[in-house]
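In listed order, ligands and their atoms are each counted from 1. A quick note: this is a predicted structure, and the numbers were derived from the prediction, not measured.
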Amino acid sequence: MHGWKTQIADRWDSLKDPVKIAMIGKYTALSDAYLSVIKALQHACMAAGMKLQLDWVEAQYLEPEAKETDAAKYETSWQQVRAADGVLVPGGFGNRGVEGKILAAQYAREHKVPYLGICLGMQVAVIEFARNVLGVKDADSTEFNPGTPNPAVVFMPEISTKHMGGTMRLGGRRTVLQSISCLTAKLYQKEQYIDERHRHRYEVNPEMVPQLEAAGLMFVGKDETGERMEVVELQENPSGHPFYAAAQFHPEFKSRPGRASPLFLGFILASGKRLNSYLTSRATPQPSPHSTPVKPSPATSLGLEGLNLSAIGGSGSSSSGAAAGSGASQALFKGSS
Ligand SMILES: NC(=O)CC[C@H](N)C(=O)O
């Protein structure tokens, strides 16, 4: 166990190629939810052979009002978004900063910057698309605007609004994949379904789905009834976007060192411009079981054997080129099982 941890810590400390991720959140209420996201980013960076540079962006400062109230913070926050290789909007509750998150999703979509949305991050992506692509300017979530005439995100019908304590849709649920060629299916290497964990009260309004899909926002994962939207991706053509994916579930909850979450890995690889070579390498037929056995590599013993690390630019080696034992490598293990 100790040797395994040392190998992972060494690999973490030896990563050099930087990848800059802007995480758009509400940092006065730093919650456990964000800590799981940070760990999932670290696991993905380690698998991709990239060094994480995380920029924390307070969503509220991206909003136009901040230009008047706090011009310096507005400027630096947008600079952080513009400098990012990838934009991540994690889960969240309550309406403060939501408009800033919607603007960040719009920026990532329009500027073809890799985007990963989680839970609320998927809901804001859908609201943004409805407003700016479908032209439904007042599209909103009933969580933030209960009287909105154009709800893109609605309270889940079978949940009672009167009993807030027990109203959350929680835990492991099945997502049925709608197409074997979507990015999510390729990353998970699954054709039919994936199981991930949930924590939400609102969902995409199923009535708006046909319009959204006709305009290119594809619901590539749905629950078993087909009524609840679980994963969206921008249609590959004509968007030409390198990575635009968002999930209603929380992929970070199942991420582990040596077993990065597929969506996080895809996001990091796309942010480091390595996603295509990774997907091509995965599509290459594996050697037949009768070919010469390969000596286990350090990557195999790290549980990274599913990854063709050389194909994605990682060293695939566990040598410790840089100083070992940094705080970052220690943090990698805290709280993970
Ligand atoms: N975990 C989340 O991001 C929740 C998103 C949203 N507030 C909901 O309840 O559906």
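Using bins of under 30°, 30° to 60° and over 60° for the plane-to-plane angle, the ring pair H198/H200 lands in the tilted bin.
Pocket lining of ligand 1, defined as residues with a non-hydrogen atom under 4.0 Å away: G91, G92, F93, C119, L120, Q123, E143, R199, H200, R201, Y202, H250.
Other residues, nucleotides and ligands contribute over 12 non-hydrogen atoms within 6.0 Å of the CZ atom of F144. Atom CD of Q79 sits in a crowded spot, with more than 12 heavy atoms from other residues, nucleotides or ligands closer than 6.0 Å.
Using a 4.0 Å cut-off between a side-chain N of Lys or Arg and a carboxylate O of Asp or Glu, D17 and R274 qualify as a salt bridge. Taking 4.0 Å as the cut-off between side-chain N and carboxylate O, E99 and R131 count as a salt-bridged pair. Of the charged side-chain nitrogens involved, at least one lies within less than 4.0 Å of a carboxylate oxygen, so that R82 and E75 count as a salt-bridged pair.
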